[in-house]
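Heads up: the structure comes next, in structure tokens.
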Amino acid sequence: MNVLFTEQQIQQRIGELGKQISADYAGSSVTIVGILSGCLMVMADLLRRTSIPVRTAFISASSYGGTRTSPGQLTINDSMLTDLQGRDILLLDDIYDTGQTMQKVVVHLQQCQPASVATAAMLWKPDRNQTGMEPDYFGFRIPDKFVVGYGLDYNERFRELPWIGIPDEHDLQQAAE
């Protein structure tokens, strides 16, 4: 596997994002809504790096699954959401690929009548964007490559890696078994 971002690079960038988000929401609070399951690692680290009051909530939205390496039909489950009416929301995902997931979840969350909705992703593939929408906050821009680690998976494998890498065919074959 080719390492794209080391654990140290990721933690440094998360610290920078935490400071930026804290400055942007200074004097108020924000509800970070994480898109499961990929958001878990970045959300945990980001929460520790913010200096403002933060609430958390989760939503499930997935267009990948199993051995897919490209997005398919999106399904949304909002049964884990708290009351978001009148709150500033920061929607957090592991990766901003085509923008379709983020755009559809933002529209879904706007039905909760929040004060505002901003978006954040650890990784952003600007060359794949199909919506014209861009994340308000992001960790790293990446090329149009399939990546794993730091919460990102292939067939529910590789999430535990503390770094982000590009798997080769051998890695994918082993994970598919």
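All values below come from the heavy atoms of this structure, side chains included, with hydrogens, waters and symmetry mates left out.
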Closest non-hydrogen contact found for Ala61 with Ile76 is CB-CG1, 4.1 Å
Distance-only side-chain donor-acceptor flag, Asp45 / Gln11, under 3.5 Å
yes
>> Checking Asp171 against Tyr154: is there a side-chain donor and acceptor pair closer than 3.5 Å?
In response: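 Tyr154 vs Asp171: no donor-acceptor pair found between side chains.
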Euclidean distance, [Y] [atom2] relative to [X] [atom1], rounded to 0.5 Å:
| X | Y | atom1 | atom2 | value |
| --- | --- | --- | --- | --- |
| Asn77 | Phe58 | CG | CZ | 13.5 Å |
| Ile32 | Cys39 | CD1 | SG | 9.5 Å |
| Ile14 | Met122 | CD1 | CE | 4.0 Å |

Who passes side chain to side chain contact (heavy atoms under 4.5 Å, CB included) against Phe138, sequence neighbours left out?
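Expected list: Trp124, Pro135, Arg141.
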query: Can you find a heavy atom in the side chain of Leu84 that is under 4.5 Å from one in the side chain of Thr31?
result: yes
Query raised in the report: Given side chains that start at C-beta, do those of Leu36 and Ile59 come closer than 4.5 Å, heavy atoms only?
Result: no
Between Glu16 and Lys19, does any side-chain N to carboxylate O distance fall below 4.0 Å? no
Test side chain to side chain contact (heavy atoms under 4.5 Å, CB included), reference Leu123, set Ile164, Asp94, Asp93, output is Ile164
**OP:** Begin with the C-alpha distance, continue with both residues' side-chain angles, and end with the deciding distance and a verdict on side-chain hydrogen bond (donor to acceptor under 3.5 Å, both in side chains) for Tyr137 and Asp24.
**Re:** CA-CA 11 Å; Tyr137 304 92; Asp24 291 351; 2.7 Å; yes
